[in-house]
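One structure is given below, encoded as structure tokens.
Letters A, B, ... are given to chains in the order of the sequence lines, protein chains preceding strands, and every chain is numbered from 1. Computed from a predicted structure; not experimentally measured.
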Amino acid sequence: MLTMTDVSSGYDTNEVLHSINLEVSKPAIYVVLGPNGAGKTTLFRTIAGVLKPTSGGVMLDGRDLYAANELRHEIGYLSHYPALPEEMTVAKALAFYGGIEHGDVQAAIDSIGLRELMMKKVSDLSQGQKKRASIAKLFLRERKLYLMDEPTSNLDPVVAKEVRDMLLGLSRDRFVLYSSHNLYEAQEIADYIVLIKNGTVGFFGTKDELRTGGYRIGIKASANLAALLPNGKQEKEYFVVPVSGPQEVGEVVKKIVAAGIAVHEVKEIGNPLEDLFTGSQG
Amino acid sequence: MDISKQVFRRSARMGLSYVVLSLLMGVFLTTSLNIAATIGNVSSADNGNSVPLGPMLGLLVVPMGALVGLVITTPVYLLFVNDKNAGVLEYLLAVGMDQRDVFLGYLKAGVMLSLVAMVPVVLINTAFMSGGLGPALLGGALVLGTGVSDVALVTIMMTAFSSMQRRPTGMNSPLGITIGVLFLIPELLLLSVLGTQVVWVEGGMAVALLIAAVFFLLSLGKLIKREKLLP
């Protein structure tokens with residue numbers, strides 16, 4: 001169990017997190033959302049022990065994270081940066097960290113199918129390949145808590161899905177904190193959502209506790225849609241229809257096309273997660 | 001956790017040209033200075049007084065040995081900057097190291113690497129040196145003492161300086177050699193004034209540099225905050 005009590009943290013004299021209280025007690029995926037500069041990375045760095053809080057404490061299984069150094073091995077931290085020695089091959093980079101963490105290099109290689117990259121130099125890898133190699137080092141050891149700061153950025157959709165599936169598997173008996181800017185991705189994998197706003201927790205709860213039904217799409221079509229979609233209404237140049245979520249958009253479009261009407265444009269008008277960012281909810 | 005061996009190996013591989021250059025410099029300087037020293041005393045043209053030029057040239061090996069030690073450690077500063085930019089130092093903090101462990105790892109690697117260049121200097125100097133084991137041991141001790149202390153102080157200063165820069169680029173690495181040479185200038189100047197008595201200055205400089213290096217190392221935890229190691 002991870003407990004943060006009145007944690008304030010930041011850089012030099014710039015306090016970024018202000019009295020954060022958070023209790024993560026159930027193995028699950030906790031998606032940390034927030035606009036740029038809200039403090040997500042600082043939150044992850046503080047939990048990872050990279051930054052020490054200026055006040056308050058972080059406990060893992062009831063033990064002070066900063067007093068018990070061995071607890072750090074229970075935490076896998078993926079930062080924005082690849083954190084791989086640039087001049088090494090992927091195999092040597094993993095062996096480098098394997099030596100420091102007393103980890104199982106083979107397990108790390110197998111975790112994300114890195115075999116074909118093993119002999120490549122880190123400096124020669126693409127951003128996506130670096131990200132994969134960087135993720136692999138988290139699997140040098142078994143961990144209780146995984147901190148993933150935007151793990152799917154720079155990854156192609158296939159590998160991104162592979163990573164999400166891997167994290168879903170882990171979340172059955174581990175804690176996964178996952179930050180993302182992709183609101184649809186957050187909706188897809190989150191069990192819980194933690195919203196960070198101006199260095200404080202603006203919302204913490206299950207995905208279902210968020211106000212739903214707030215998705216609205218605007219459609220430009222070749223004919224009036226009022227008869228076909230009676231729950232919608234014309235708002236300026238768009239015919240606006242409320243939908244339950246992104247998954248319903250395709251059904252609406254199919255219905256219009258089936259009626260022989262051409263769809264010129266479909267645009268998202270309102271998204272409850274975006275509303276969280278902008279402050280109209282939470 | 002001790003990363004010094006990995007840093008040593010990585011620095012040597014990355015900076016192979018520095019390693020080769022400093023080894024060649026060390027061998028060339030020591031050999032030529034010792035050959036010059038064996039020529040012996042030279043008579044002044046003005047009044048016929050004898051000047052002990054030989055022993056003085058032999059003592060030049062001390063600052064020159066420190067210089068090759070400084071040259072060979074340049075890749076350590078470059079690697080520190082690379083690792084900071086790539087997020088490697090951030091990850092080391094996350095796995096339980098503190099900032100002093102990190103600096104100490106690079107410092108030890110710098111000192112180990114400097115020995116690679118300075119040990120041949122000591123061996124060549126010892127082979128040339130006449131007058132028995134005493135002067136040979138004294139010369140070797142002065143080369144290693146001055147060199148290791150100078151390298152230690154400069155490595156700490158350069159890594160600390162690089163960590164405090166908002167955008168470390170590694171362009172300041174030659175600055176390390178310049179600073180290290182500045183510390184050696186008193187020895188070079190006083191050699192012409194004090195003659196062979198300069199050994200006391202060289203010994204004193206070695207102790208002073210070592211004290212400064214240890215003081216900086218012990219103060220690093222307070223002087224440099226953890227966030228200074230982040231990309």
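In terms of heavy-atom proximity, B:Lys228 sits nearest to A:Asp12 at NZ-OD2, 3.1 Å. The nearest pair of heavy atoms linking A:Ala83 to B:Tyr91 is CB-CB, 3.9 Å. B:Ala86 approaches A:Tyr81 most closely through the heavy-atom pair O-CB, 3.5 Å. Taking both residues in full, the closest heavy atoms of A:Pro85 and B:Arg10 are given as CB-NH2, 3.3 Å, listed atom of the first, atom of the second, then distance.
Distance check: B:Leu93 CG to A:Ser79 OG gives 11.0 Å after rounding to the nearest 0.5 Å. Here the NE2-CG distance, from A:His80 to B:Leu230, works out to 12.0 Å after rounding to the nearest 0.5 Å. The structure places CD of B:Gln6 at 5.5 Å from CD1 of A:Ile100, a figure rounded to the nearest 0.5 Å.
The pair B:Glu227-A:Arg45 does not count as a salt bridge, with every side-chain nitrogen at least 4.0 angstrom from each carboxylate oxygen.
At least one test fails for B:Arg226 against the ring of A:Tyr11: distance under 6.0 Å to the centre or angle within 45° of the axis.
A:Asp165 CG: more than 12 foreign heavy atoms inside a 6.0 Å radius. No more than 12 heavy-atom neighbours from other residues, nucleotides or ligands sit within 6.0 angstrom of CZ on B:Phe216. The local environment of CD in A:Glu23 is crowded, with over 12 non-hydrogen atoms from other residues, nucleotides or ligands closer than 6.0 Å.
With a 4.5 Å cut-off on side-chain heavy atoms, B:Glu90 and A:Val50 count as touching.
Chain B forms the most heavy-atom pairs under 4.5 Å with one residue out of A:Met88, A:Glu87, A:Lys92, and that residue is A:Glu87.
Interface remark: B:Leu89 contributes no atoms to any contact with chain A (heavy atom separation under 4.5 Å). With a 4.5 Å cut-off on non-hydrogen atoms, A:Tyr97 touches chain B through its side chain but not through its backbone. Neither the backbone nor the side chain of A:Ile75 comes within contact range of chain B; no heavy atom of the residue lies under 4.5 Å from a heavy atom of that chain. Neither the backbone nor the side chain of B:Leu229 comes within less than 4.5 Å of any heavy atom in chain A.
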